[in-house]
Asker: 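Please read through the structure below; I'll follow up with questions.
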Amino acid sequence: MTQLLIIYHSRTGGTRQMAKAAYQAAKTEGPTRLLEASEAQPQDLLAAGGYIFCAPENLAALSGQMKEFFDRCYYPVLGQIEGRAYAQMICAGSDGTNAARQLARIATGWRLKEVQPPLILCTHAQTPEAILAEKHLSAVQLEPCADLGQAMGAGLTMGMF
């Protein structure tokens with residue numbers, strides 16, 4: 001099972017850009033799917049050999065839509081995806097570590113295998129206007145996301161995970 005599944009939620013575009021950068025690089029390495037969290041279903045998780053979860057941090061936690069994905073899919077796949085590789089990318093205005101910890105706890109419950117530390121991209125959005133504004137990430141900011149996608153895709157294809 002070599003398919004990489006990238007699941008994301010984005011309200012202001014930052015995490016969408018991160019997920020798409022990872023997807024574009026990963027699909028050069030092997031089968032890859034990109035799904036919004038609202039569309040992802042338990043059968044999508046079961047069909048994949050590894051995952052990249054990409055979410056914004058809102059109020060020091062995972063976004064509600066990403067948390068809803070985990071709430072909806074958690075029990076239907078519990079005990080069926082153990083040992084599969086995962087990585088995560090968080091788009092945050094200032095920190096991102098609480099959302100990353102929250103996601104890691106969920107992944108631990110699923111018994112997934114973390115294959116790299118969380119990638120946290122900080123936009124430095126600190127005012128209400130900046131926080132709510134559409135994000136436009138640079139190629140330099142998105143490069144680590146593409147690197148992560150390529151590494152995950154290659155690792156799955158080569159059977160490393």
Side-chain angles (χ1 to χ4, degrees), residues 1-92 96-121 135 137 142-161:
M1 191 177 315
T2 61
Q3 182 187 68
L4 174 62
L5 177 60
I6 302 171
I7 299 174
Y8 75 96
H9 171 251
S10 187
R11 179 168 289 141
T12 61
T15 51
R16 180 177 52 253
Q17 293 167 64
M18 293 170 70
K20 286 186 176 182
Y23 170 73
Q24 292 299 326
K27 71 180 187 174
T28 66
E29 299 294 335
T32 306
R33 289 187 67 203
L34 177 67
L35 288 175
E36 290 190 37
S38 62
E39 298 173 2
Q41 299 297 321
Q43 61 268 25
D44 298 313
L45 289 160
L46 293 171
Y51 317 100
I52 297 175
F53 302 112
C54 189
E57 181 177 68
N58 292 343
L59 303 172
L62 282 174
S63 68
Q65 190 68 255
M66 195 68 174
K67 179 68 170 62
E68 195 281 328
F69 152 73
F70 284 119
D71 289 345
R72 180 170 29 84
C73 294
Y74 188 83
Y75 290 108
V77 303
L78 188 62
Q80 299 178 69
I81 60 172
E82 293 178 0
R84 295 184 192 181
Y86 89 95
Q88 61 169 306
M89 300 187 297
I90 303 293
C91 188
T97 57
N98 283 335
R101 274 195 294 274
Q102 186 180 14
L103 199 155
R105 284 193 305 271
I106 294 166
T108 297
W110 269 339
R111 312 269 188 297
L112 298 178
K113 179 176 140 186
E114 182 182 63
V115 294
Q116 92 151 41
L119 191 161
I120 299 173
L121 194 152
K135 304 301 182 280
L137 304 178
L142 293 172
E143 187 175 339
C145 304
D147 291 345
L148 173 59
Q150 185 174 25
M152 285 291 291
L156 284 171
T157 298
M158 294 187 307
M160 293 176 57
F161 308 127

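Everything quoted here is computed from the prediction, not taken from an experiment.
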Asker: Looking at side-chain heavy atoms only, is the closest gap between Arg72 and Gln41 below 4.5 Å?
Answerer: yes
Asker: Calculate, to the nearest 0.5 Å, the distance between atoms CD1 and CD belonging to Ile52 and Gln116 respectively.
Answerer: 8.5 Å
Asker: Over all heavy atoms of both residues, which pair between Leu78 and Gly109 is shortest? Give the atoms and the distance, please.
Answerer: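 So the minimum-distance heavy-atom pair works out to CD1-O, 3.6 Å.
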Asker: Minimum heavy-atom separation for Phe70 to Ile106, with atom names?
Answerer: CD2-CG2, 3.5 Å
Asker: With a 4.5 Å heavy-atom cut-off, do Gln102 and Asn98 have their side chains touching?
Answerer: no
Asker: Do side-chain atoms of Glu57 reach the backbone of Gly96 as a donor and acceptor pair under 3.5 angstrom?
Answerer: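 Yes, because the side chain of Glu57 sits within donor-acceptor range (under 3.5 Å) of the backbone of Gly96.
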Asker: Specify whether Phe53 and Trp110 have parallel, tilted or perpendicular ring planes, treating 30° as the upper limit for parallel and 60° as the lower limit for perpendicular.
Answerer: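 Phe53 and Trp110: tilted rings.
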Asker: Just how far is it from atom OG1 of Thr108 to atom CZ of Arg105, taken to the nearest 0.5 Å?
Answerer: 9.0 Å
Asker: When rounded to the nearest 0.5 angstrom, what is the spacing between CZ in Phe69 and CG in Leu35?
Answerer: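 Separation between the atoms: 9.0 Å.
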Asker: Under a 4.5 Å cut-off applied to non-hydrogen side-chain atoms, are Leu119 and Gln88 in contact?
Answerer: no
Asker: Check whether the side chains of Arg16 and Tyr8 place a donor and an acceptor atom closer than 3.5 Å, and report yes or no.
Answerer: no
Asker: Do the non-hydrogen side-chain atoms of Leu62 and His9 ever get within less than 4.5 Å of each other?
Answerer: no
Asker: Where is the tightest heavy-atom contact between Thr15 and Pro56, given as atom of each residue plus distance?
Answerer: CG2-N, 3.3 Å
Asker: Might you work through the side-chain contact (heavy atoms from CB on, under 4.5 Å) test for Thr97 and Ile120, ending with a clear yes or no?
Answerer: CA-CA 8 Å; Thr97 57; Ile120 299 173; 4.0 Å; yes
Asker: If we only count heavy atoms from C-beta on, is the Leu142 to Met18 side-chain gap below 4.5 Å?
Answerer: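 Sidechains of Met18 and Leu142: in contact.
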Asker: Quick one: pull up CG in Leu156 and CZ in Arg84 and give me the separation to the nearest 0.5 Å.
Answerer: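 Reported value, rounded in 0.5 Å steps: 10.5 Å.
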Asker: Just by distance, do the side chain of Gln65 and the backbone of Arg11 share a donor-acceptor pair under 3.5 Å?
Answerer: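 The answer is no, because no donor-acceptor pair under 3.5 Å joins these two groups.
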Asker: Nearest 0.5 angstrom please: Glu143 CD to Leu148 CG, how far?
Answerer: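 Atom-to-atom, Glu143:CD and Leu148:CG are 12.5 Å apart.
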Asker: How long is the span from the CE atom in Met158 to the OG1 atom in Thr2, to the nearest 0.5 Å?
Answerer: 12.0 Å
Asker: Using a 3.5 Å distance criterion without hydrogens, assess whether the side chain of Thr12 forms a donor-acceptor pair with backbone atoms of Ser10.
Answerer: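 Not a single qualifying donor-acceptor pair exists.
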Asker: Does any non-hydrogen side-chain atom of Arg33 lie less than 4.5 Å from one of Leu4?
Answerer: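 They are not in contact (no side-chain heavy atoms under 4.5 Å apart), so the answer is no.
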Asker: Show the nearest heavy-atom pair for residues Ala37 and Ile7, with the distance to one decimal.
Answerer: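 Nearest heavy atoms, Ala37 then Ile7: CA-CG2, 3.8 Å.
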Asker: Which heavy atom of Ala19 sits nearest to which heavy atom of Ile6, and what is that distance?
Answerer: CB-CG2, 4.0 Å
Asker: For residues Gly155 and Phe161, report the shortest heavy-atom separation together with the two atoms involved.
Answerer: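 Looking at all heavy atoms of both residues, the closest pair is CA-CE1, 3.4 Å.
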Asker: Counting neighbours of NZ on Lys20 that are heavy atoms of other residues, nucleotides or ligands and sit closer than 6.0 Å, is the number greater than 12?
Answerer: no
